[in-house]
Amino acid sequence: MVHMGVRVQTEDFDVGAEITAMRLSSANIGAVVSFVGQVRDLNDGDNVDSMFLEHYPGMTEKALAEIIAQVKVRWSITDALIVHRVGELKPQDQIVLVLVATAHRQEAFEACECIMDHLKTDAPFWKKEQTQHGLRWVEAKTSDEDARHRWKSTT
Amino acid sequence: MVHMGVRVQTEDFDVGAEITAMRLSSANIGAVVSFVGQVRDLNDGDNVDSMFLEHYPGMTEKALAEIIAQVKVRWSITDALIVHRVGELKPQDQIVLVLVATAHRQEAFEACECIMDHLKTDAPFWKKEQTQHGLRWVEAKTSDEDARHRWKSTT
Amino acid sequence: MIHLIKVFYFARLKESLNYSTEDIELPVNVKTIAQLKVHLAERGETWADLFGGQQSIRAAINHGLVDNDAIINSGDEVAFFPPVTGG
Amino acid sequence: MIHLIKVFYFARLKESLNYSTEDIELPVNVKTIAQLKVHLAERGETWADLFGGQQSIRAAINHGLVDNDAIINSGDEVAFFPPVTGG
């Protein structure tokens with residue numbers, strides 16, 4: 001898998017087209033679970049006017065591909081896709097899409113959530129917000145570290 | 001909530017339009033998790049040519065609305081939607097859509113999976129398959145009962 | 001006093017019985033879902049086969065799933081069906 | 001023998017240092033990420049503030065996340081950045 005199913009882009013994505021393309025790729029697929037993240041207008045109590053997403057080109061794609069590869073070892077997955085946007089984003093812009101297609105639903109839910117939890121801690125993205133108090137870098141959350149570690153205890 | 005966010009229909013649905021409409025309904029939404037079920041071409045080792053989905057009009061809508069109401073008590077949910085098709089379906093047709101929108105991702109994943117698990121055991125739908133061996137009613141799975149009971153032990 | 005209820009049958013039950021709904025006048029000794037099943041099982045072989053306890057049959061009263069010991073009231077809409085298989 | 005590596009800085013680090021990449025010739029006693037951090041911290045106040053151990057800084061070698069005790073080899077691409085906040 002050479003970065004298959006991973007895209008890092010400034011452009012928006014079409015969630016319906018992505019789900020449908022993946023779903024129709026195999027008649028063995030019974031379940032497609034998707035996660036769409038959108039920019040909220042509020043963070044840590046402050047209004048967010050816009051944000052800029054910086055990343056580490058080269059490492060980002062590799063990190064995301066590794067997350068998918070790990071998930072494929074653990075669950076029986078027909079297909080998976082991560083699309084992550086970078087650059088300038090406004091509230092209610094789509095920021096990330098994760099899709100997982102499987103024969104049975106529980107695997108799709110677990111794998112999709114596991115991908116998101118690892119993406120939050122292992123993929124080199126950094127958010128800088130423009131709020132009413134000026135520009136600020138978003139601080140990482142310990143809750144994201146905790147969420148990621150959930151998946152270790154049960155392996 | 002008078003059956004809000006519940007639709008039972010013979011027509012297909014547009015997953016992208018549904019996700020986008022829900023996502024844009026509030027700038028407080030940070031996560032939308034969706035589940036799409038599609039008819040598989042194989043069940044219990046036999047090729048499925050088509051299936052017919054019977055339901056109990058009146059009770060179906062009520063049962064689905066109750067599932068959403070229960071989930072809203074347990075998780076902090078901005079919006080939720082269930083669309084379930086009935087009537088004649090072919091392999092790779094969409095059969096069910098569940099959407100949950102929340103501020104934070106973990107709640108959306110859990111609530112969406114919980115809705116699907118309850119839908120599998122509590123909503124009056126019955127599948128009849130046309131296979132190479134003729135027509136047959138699909139048997140309920142004990143694994144679906146087990147999946148539903150998971151959510152009880154942790155409440 | 002007459003206790004009239006409406007009964008619906010779905011899926012495999014509907015096919016076996018060859019009809020989907022009927023009005024039933026409840027005998028005085030039939031007050032619960034379990035008692036109604038016994039009453040229906042006495043109708044003949046097909047009915048005994050379906051409601052005699054060998055098969056898993058679920059019930060609803062007025063569009064809500066109920067257990068065997070649920071009380072049936074006059075005017076209720078009662079439904080019998082196999083375990084559900086949607087989703 | 002000269003051990004030349006390429007170093008990248010991202011996000012808050014890049015802004016504080018006011019540049020994003022440089023080539024560094026590793027001193028012979030600098031073999032790990034931890035030792036490179038100490039080496040960088042000796043460059044002055046801004047550097048000491050970032051790499052002196054008060055702040056949480058993550059590191060990557062050749063596009064893979066690594067711990068403090070990871071070995072740096074000649075020709076490696078090393079990156080330093082704050083905890084990530086994507087998704």
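For the numbers below, each heavy atom of this structure counts, side chains included, while hydrogens, waters and symmetry mates do not. Lettering follows sequence order; numbering is per chain, from 1.
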Exercise. Do A:Lys128 and A:Leu135 pass the side chain to side chain contact (heavy atoms under 4.5 Å, CB included) test, and can you show the C-alpha distance, the side-chain angles, and the key distance before you say yes or no?
Worked result: CA-CA 7 Å; A:Lys128 191 175 192 179; A:Leu135 285 164; 3.9 Å; yes

Identify which part of [X] has an atom lying under 4.5 Å from any heavy atom of chain B, answering side chain, backbone, both or neither.
| X | result |
| --- | --- |
| A:Ala108 | neither |
| A:Gln106 | both |
| A:Ser143 | neither |
| A:Ile19 | side chain |

Seminar exercise, completed: Per-residue tally against chain A (heavy atom, under 4.5 Å) across B:Leu42, B:Leu24, B:Val15 peaks at B:Leu24

For this session: May I ask you to name which of B:Met116, B:Lys120, B:Glu110, B:Arg105 has the most heavy-atom pairs under 4.5 Å with chain A?
Result: B:Arg105

Identify which part of [X] has an atom lying under 4.5 Å from any heavy atom of chain A, answering side chain, backbone, both or neither.
| X | answer |
| --- | --- |
| B:Ala147 | side chain |
| B:Asp93 | backbone |
| B:Asp117 | both |

To the nearest 0.5 Å, tell me how far [X] [atom1] sits from [Y] [atom2].
| X | Y | atom1 | atom2 | answer |
| --- | --- | --- | --- | --- |
| A:Arg136 | A:Asn43 | CZ | CG | 5.5 Å |
| B:Asp41 | B:Thr131 | CG | OG1 | 12.5 Å |
| A:Ile29 | A:Asp79 | CD1 | CG | 6.5 Å |
| A:Arg85 | A:Leu53 | CZ | CG | 9.5 Å |
| B:Ile68 | B:Leu81 | CD1 | CG | 6.5 Å |

Problem set entry | Most chain B-contacting option - heavy-atom pairs closer than 4.5 Å, from A:Cys112, A:Pro91, A:Ala101 | A:Cys112

Problem set entry | Leading residue by heavy atom contact count with chain B [cutoff under 4.5 Å; candidates A:Gly30, A:Ser26, A:Gly16] | A:Gly30

Exercise. Parallel under 30°, tilted from 30 to 60°, perpendicular over 60°: which one fits the rings of A:Phe125 and A:His55?
Worked result: parallel

For this session: Using side chain to side chain donor-acceptor pair (under 3.5 Å) as the criterion, point out the one residue from B:Glu61, B:His84, B:Glu18 that pairs with B:Arg7.
Result: B:Glu18

